[in-house]
Amino acid sequence: ELKRAGRSFTIMFRTFGDDLPHIKQEFNALCEGWHPLFPADDKVVLDGSDGQPDYRMCLDSVDSCGTFFRNPPDGDLIALAMGTTVVPAKMEEGVAFFKHLPGVQLHTGIDA
């Protein structure tokens with residue numbers, strides 16, 4: 001309905017990360033207008049093919065995906081790592097884990 005009304009909007013998914021590839025496949029099918037659960041006679045495209053914004057999910061873009069990291073033992077540090085959905089296996093790895101990932105932009109503190 002937001003698209004039909006010409007409204008600007010943002011879509012965010014909050015997950016544990018390991019289900020994102022499946023969500024991407026389903027969501028992109030919706031955006032491209034071919035998802036089987038949405039009727040073709042009431043199709044709304046969200047893939048940019050109509051000159052409007054492209055809402056398809058891209059998991060390897062610094063502009064379209066990221067993960068929050070919070071570490072209470074480290075002074076309640078909070079960070080936003082853009083360009084990845086990967087998280088440290090152990091909390092002890094801390095925010096330094098993200099500094100070694102190529103193409104990741106790291107924002108720390110409450111302004112992140």
Given side chains that start at C-beta, do those of Asp63 and Met82 come closer than 4.5 Å, heavy atoms only?
no
Any side-chain heavy atom of Leu106 within less than 4.5 Å of one from Val95?
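Answer yes - side chains close enough.
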Roughly how far apart are [X] [atom1] and [Y] [atom2], rounded to 0.5 Å?
{"X": "Thr108", "Y": "Ile78", "atom1": "OG1", "atom2": "CD1", "answer": "10.5 Å"}
{"X": "Asp54", "Y": "Glu32", "atom1": "CG", "atom2": "CD", "answer": "8.0 Å"}
{"X": "Lys43", "Y": "His35", "atom1": "NZ", "atom2": "NE2", "answer": "14.5 Å"}
{"X": "Leu59", "Y": "Thr84", "atom1": "CG", "atom2": "OG1", "answer": "9.5 Å"}

If you count heavy atoms of other groups shown closer than 6.0 angstrom to CZ of Arg4, is the number above 12?
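It does: Arg4 CZ has more than 12 such atoms within range.
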For side-chain contact (heavy atoms from CB on, under 4.5 Å), just list the numbers for Phe69 and Phe97, CA-CA rounded to whole Å, side-chain angles, deciding distance to a tenth of an Å, and then say yes or no.
CA-CA 10 Å; Phe69 178 78; Phe97 168 84; over 6 Å; no
Let me check something: do [X] and [Y] share a hydrophobic cluster, defined by ILVMFWY side-chain heavy atoms less than 4.5 Å apart, either directly or through other members?
{"X": "Phe98", "Y": "Leu77", "value": "yes"}
{"X": "Val87", "Y": "Val104", "value": "no"}
{"X": "Trp34", "Y": "Phe38", "value": "no"}

Does any pair with a residue in residues 81-109 pass salt bridge (Lys or Arg N to Asp or Glu O under 4.0 Å), and if so which ones, sequence neighbours excluded?
none
Do [X] side-chain atoms and [Y] backbone N/O form a donor-acceptor pair below 3.5 Å?
{"X": "Asn28", "Y": "Arg56", "answer": "no"}
{"X": "Ser64", "Y": "Cys58", "answer": "yes"}
{"X": "Lys3", "Y": "Val45", "answer": "yes"}

How close do Val86 and Thr67 get, heavy atom to heavy atom, and via which atoms?
O-CG2, 3.8 Å
Please work out whether the ring planes of Phe27 and Phe13 are parallel, tilted or perpendicular, with thresholds of 30° and 60°.
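Perpendicular: the ring planes of Phe27 and Phe13 meet at over 60°.
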